[in-house]
Amino acid sequence: MTAHAIAEVARTRRLLVALDFDGTLAPLVDEPMTARALPEARTAVARLAALPDTVVAFVSGRSLADLRVIAEHDDASPVWLSGSHGAEHWRPGSEGASSLDAPAGAADLIADAEAAVADVAGAWIERKSFGFGLHTRLADDAAASAAARAVDALVAERAPGWRRRTGRDVVEFAWRHEGKDTAIAALRAETGATGVVFAGDDVTDEDALRSLGEGDLGVRVGDGETAAQVRVADPGALALLLDEIADAREAEVDAREA
Ligand SMILES: O=P(O)(O)OC[C@H]1O[C@H](O[C@H]2O[C@H](CO)[C@@H](O)[C@H](O)[C@H]2O)[C@H](O)[C@@H](O)[C@@H]1O
């Protein structure tokens, strides 16, 4: 099944390989800014991005600026970026500036969320381009629930229109409502892709996976319900799969040029 699906998508005229970052290219870690893609994932991404009619994009919930740091991404990179779940973009040759115009009261709300969890062991607030995330990876279950209740109550009262998303030991709140489906639609249109590979590990990645169509390939990394056709165990297994896609795509390019 997997080999057949890879062979099919690799034959498409113009291929977009869109990849979630945390938990997909990079193993999850306790301190978010220390996350890095596995070396073998970096190698596979570089192989794919160097091929003709093949575009690689990272589609992440991270703020764009943070994504560029952890992905060790610079202005010379051929890798396209969608950050903040599709609300921020960087394209090759662009400046990648985002308009962050926060709604009234956002700064006070985020400061109050920080104060609300300051004494909860293992809980902390990540400030993001369009809101914030409550992290509880290092909290026990009771503390994590208490922190979520406190923050949920604040947002319900002061910003009921903000989008709430759950992830791996994180609850995020954002005044922008784009999802990874939006990111895939924009990337598909801008790249002229005729086939898309998307891989992700988390609930938010399912927005992208559900948006895929005929001729595309969805990959779920790890456990959990999914709309993906293919599942791999972890980022190491995903790196191997990306290498297989690169092999198949190279063969396709060679055949076209012969
Ligand atoms: O869409 P992604 O690229 O998967 O980003 C989703 C969130 O990733 C980060 O949090 C997650 O990874 C951290 C580092 O491994 C981990 O400590 C945390 O428990 C995970 O939830 C990031 O901090 C969030 O802003 C992203 O939205």
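Whatever order the structure lists ligands and atoms in, that order sets their numbers, starting from 1. These figures come from a predicted structure and were not determined experimentally.
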[X] neighbourhood, listing ligand 1 atoms whose heavy-atom distance to it stays under 4.0 Å:
X    : answer
F21  : 3 (O)
P32  : 14 (C), 17 (O), 23 (O)
V170 : 21 (O)

Nearest protein heavy atom with distance in Å, relative to [atom]:
atom                    : result
atom 3 (O) of ligand 1  : S60 OG, 2.7 Å
atom 22 (C) of ligand 1 : R62 NE, 3.4 Å
atom 23 (O) of ligand 1 : E126 OE1, 2.8 Å
atom 20 (C) of ligand 1 : R168 O, 3.3 Å
atom 27 (O) of ligand 1 : E172 OE2, 2.5 Å
atom 25 (O) of ligand 1 : K128 NZ, 2.7 Å
atom 10 (O) of ligand 1 : H135 CE1, 3.6 Å
atom 19 (O) of ligand 1 : R137 NE, 2.7 Å

Got a salt bridge between R210 and D181, using NZ or NE/NH1/NH2 to carboxylate O under 4.0 Å? no
Does T12 use its side chain to pair, donor to acceptor, with the backbone of V9 at less than 3.5 Å? no
Do side-chain atoms of S129 reach the backbone of S63 as a donor and acceptor pair under 3.5 angstrom?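 Answer holds: no.
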Could you check whether the rings of W90 and H73 sit parallel, tilted or perpendicular, using 30° and 60° as the cut-offs? perpendicular
Between R165 and T204, does any side-chain donor sit less than 3.5 Å from a side-chain acceptor? no
When you check the side-chain N and O atoms of E190 and H89, is any donor under 3.5 Å from an acceptor? no
Do any heavy atoms of D20 fall under 4.0 Å from ligand 1? yes
Does ligand 1 have an atom that lies less than 4.0 angstrom from a heavy atom of E31?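 No heavy atom of E31 comes that close to ligand 1.
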Give the intermediate values and the outcome of side chain to side chain contact (heavy atoms under 4.5 Å, CB included) for residues D202 and D205. CA-CA 5 Å; D202 206 348; D205 298 313; 3.5 Å; yes
Same cluster (ILVMFWY, side-chain, under 4.5 Å), W80 and V196: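 The answer is yes; both residues are in one hydrophobic cluster.
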Please state which option from V29, D22, L67 has its nearest heavy atom closest to atom 16 (C) of ligand 1. V29
Counting only heavy atoms, tell me which of T136, L28, L138, L25 gets closest to atom 11 (C) of ligand 1.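 Ranked by closest heavy atom to atom 11 (C) of ligand 1, first place is L28.
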Passes side chain to side chain contact (heavy atoms under 4.5 Å, CB included), L187 versus R91? Steps please. CA-CA 10 Å; L187 286 163; R91 306 300 190 226; 3.5 Å; yes
From R168 atom CZ to D22 atom CG, the distance as rounded to the nearest 0.5 Å: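 It is 11.0 Å, given to the nearest 0.5 Å.
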Indicate the atoms forming the closest heavy-atom contact of R47 with E250, along with that distance. NH2-OE1, 2.9 Å
For ligand 1, which is the ligand I care about here, please tell me if [X] has any N or O atom under 3.5 Å from one of the ligand's N or O atoms.
X    : value
K180 : yes
V59  : no
D205 : no

Between L109 and F173, does a side chain to side chain contact (heavy atoms under 4.5 Å, CB included) hold up when you go through it step by step? CA-CA 11 Å; L109 172 56; F173 302 87; over 6 Å; no
Just heavy atoms, cut-off under 4.0 Å: does T24 contact ligand 1 by side chain, backbone, both, or neither?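 T24 to ligand 1: no contact under 4.0 Å from either part.
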